[in-house]
Amino acid sequence: MSDYAQSFIEYLEALPERDRGALAVLRRSLGFAPGAYPPAYPYVERFVAAERHAQDASRLALYVVAGLYATHPRQGGKSLATSLGELMRQRDSASIEQRFVALLGADAENLAVYLRQIVSLLAAGDLPLDYAALLKDLSLWLNPRIDPERCDVVRQRWVRDFYRALASASSEKMPTPAND
């Protein structure tokens, strides 16, 4: 995890102690396009580099992650996809997989909407996620100038994480095959 991402997540973790209303403001910001809700500016803009323009992918990713963190402030060492796979395993719900597949097909304009739904599911299941890793992934995904294959790398990693979380549970339940 980069120092930049780590310091941003640490800042978000400390916000409730310093400003009780901050998380409510950041949650509310998810109802707007990333970076378009002025009350959220004091919490996020301090992490935006001076040379970044308003639609810069790293700036937009900061706003999305801040809003998602405010929705479910449970930082952990698991990727979003791993935690979601574990939730699907616990609930045995096909709708979770359908939401995940819809997220994978999302474009930059509606990605935050799908992520908000997924993070709400994780919050209901009290499962953590690695917000710093999510910040890094979104900085790629939201960048319109990036090669689409690089975005596919993120999607493919999420797919592997999700299905590995499911497979690990299946392998625990299945007997070891005998060699004939």
Side-chain angles (χ1 to χ4, degrees), residues 1-2 5-6 8-9 12-13 23 26-37 44 57-174:
M1 175 179 349
S2 73
Q6 179 63 36
F8 182 64
I9 302 307
L12 292 175
E13 290 175 324
L23 294 184
L26 293 172
R27 273 190 304 276
R28 175 84 174 108
S29 74
L30 287 174
F32 297 82
Y37 185 60
V44 179
S58 63
R59 178 180 180 269
L60 300 177
L62 286 167
Y63 277 96
V64 171
V65 168
L68 295 173
Y69 179 86
T71 300
H72 179 47
R74 181 117 191 269
Q75 165 68 15
K78 297 180 181 180
S79 73
L80 176 130
T82 298
S83 289
L84 191 63
E86 289 177 6
L87 182 66
M88 183 175 162
R89 184 179 71 225
Q90 291 171 8
R91 294 191 181 172
D92 193 26
S93 172
S95 69
I96 292 173
E97 185 175 24
Q98 291 168 348
R99 288 177 190 253
F100 179 64
V101 170
L103 170 65
L104 295 173
D107 57 17
E109 288 78 37
N110 59 17
L111 181 62
V113 173
Y114 287 101
L115 283 169
R116 187 161 108 189
Q117 293 172 0
I118 298 292
V119 169
S120 293
L121 286 171
L122 295 176
D126 196 34
L127 292 168
L129 66 134
D130 185 343
Y131 284 100
L134 183 60
L135 179 61
K136 179 182 172 189
D137 290 345
L138 294 182
S139 292
L140 284 174
W141 198 321
L142 295 171
N143 189 340
R145 293 184 302 274
I146 203 105
D147 180 11
E149 288 182 21
R150 286 191 62 200
C151 287
D152 284 343
V153 168
V154 171
R155 288 182 178 103
Q156 291 167 11
R157 185 171 14 89
W158 286 14
V159 166
R160 286 190 306 274
D161 288 352
F162 180 81
Y163 288 105
R164 281 183 187 145
L166 289 176
S168 68
S170 299
S171 65
E172 291 170 6
K173 296 176 189 173
M174 295 172 41

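Excluded from the calculations below are hydrogen atoms, water molecules and symmetry mates; all remaining heavy atoms, backbone and side chain alike, are included. In this text, all values refer to a predicted model and were calculated from it rather than measured experimentally.
- Between the side chain of Ser83 and the backbone N or O of Pro128, at least one donor-acceptor pair lies under 3.5 Å.
- The backbone N or O of Leu129 lies less than 3.5 Å from no partner atom in the side chain of Arg74, so there is not a single donor-acceptor pair.
- Shortest non-hydrogen contact noted between Pro144 and Leu142 is CD-O, 3.2 Å.
- Leu62 meets the side chain to side chain contact (heavy atoms under 4.5 Å, CB included) test with Tyr4, Phe8, Val44, Phe47, Val48, Leu135; sequence neighbours excluded.
- Within a 6.0 Å sphere centred on CZ of Arg28, heavy atoms belonging to other residues, nucleotides or ligands number 12 at most.
- Sorted by first and then second residue, the salt bridge (charged side-chain N to carboxylate O under 4.0 Å, His left out) pairs with a member in residues 109-125 form an empty list; sequence neighbours excluded.
- Here Ala112 pairs with Val64 under the side chain to side chain contact (heavy atoms under 4.5 Å, CB included) rule; sequence neighbours left out.
- Applying the salt bridge (charged side-chain N to carboxylate O under 4.0 Å, His left out) test to every pair with at least one member in residues 143-160, sequence neighbours left out, gives these pairs: Asp137-Arg157, Asp152-Arg155.
- In this structure, the side chain to side chain contact (heavy atoms under 4.5 Å, CB included) partners of Val113, at least two apart in sequence or on a different chain, are Gln117.
- Pairs of residues two or more places apart, or lying in two chains, never qualify as salt bridge (charged side-chain N to carboxylate O under 4.0 Å, His left out) while including a residue from residues 96-107.
- The ring pair (Phe, Tyr, Trp, His ring centres under 6.0 Å) analysis of residues 113-136, with sequence neighbours excluded, yields the pairs Tyr69-Tyr131.
- For the pair Leu111/Leu103, a side-chain contact is recorded, criterion being any heavy-atom separation below 4.5 Å from C-beta on.
- Contacts classified as salt bridge (charged side-chain N to carboxylate O under 4.0 Å, His left out) and involving residues 75-86 (residues at least two apart or in different chains) are given here: Lys78-Glu86.
- In this structure Thr71 satisfies the side chain to side chain contact (heavy atoms under 4.5 Å, CB included) test together with Arg27, Leu30, Val119, Ser120, sequence neighbours excluded.
- Within the 4.5 Å cutoff, the side chain of Asp130 has no heavy atoms near those of the Ile9 side chain.
- Taking the side chain to side chain donor-acceptor pair (under 3.5 Å) definition, one finds that Ser79 meets it with Thr82, Asp161, sequence neighbours left out.
- Residues that satisfy the side chain to side chain donor-acceptor pair (under 3.5 Å) test with Ser93, not counting sequence neighbours, are Ser95.
- Scanning for ring pair (Phe, Tyr, Trp, His ring centres under 6.0 Å) contacts around Tyr163 gives an empty result, with sequence neighbours left out.
- Summarising the geometry of Leu115 relative to Trp158, their closest heavy-atom pair is CD2-CH2, 4.3 Å, with the distance given to 0.1 Å.
- With hydrogens and angles disregarded, no donor-acceptor distance shorter than 3.5 Å links the side chain of His72 to the backbone of Leu121.
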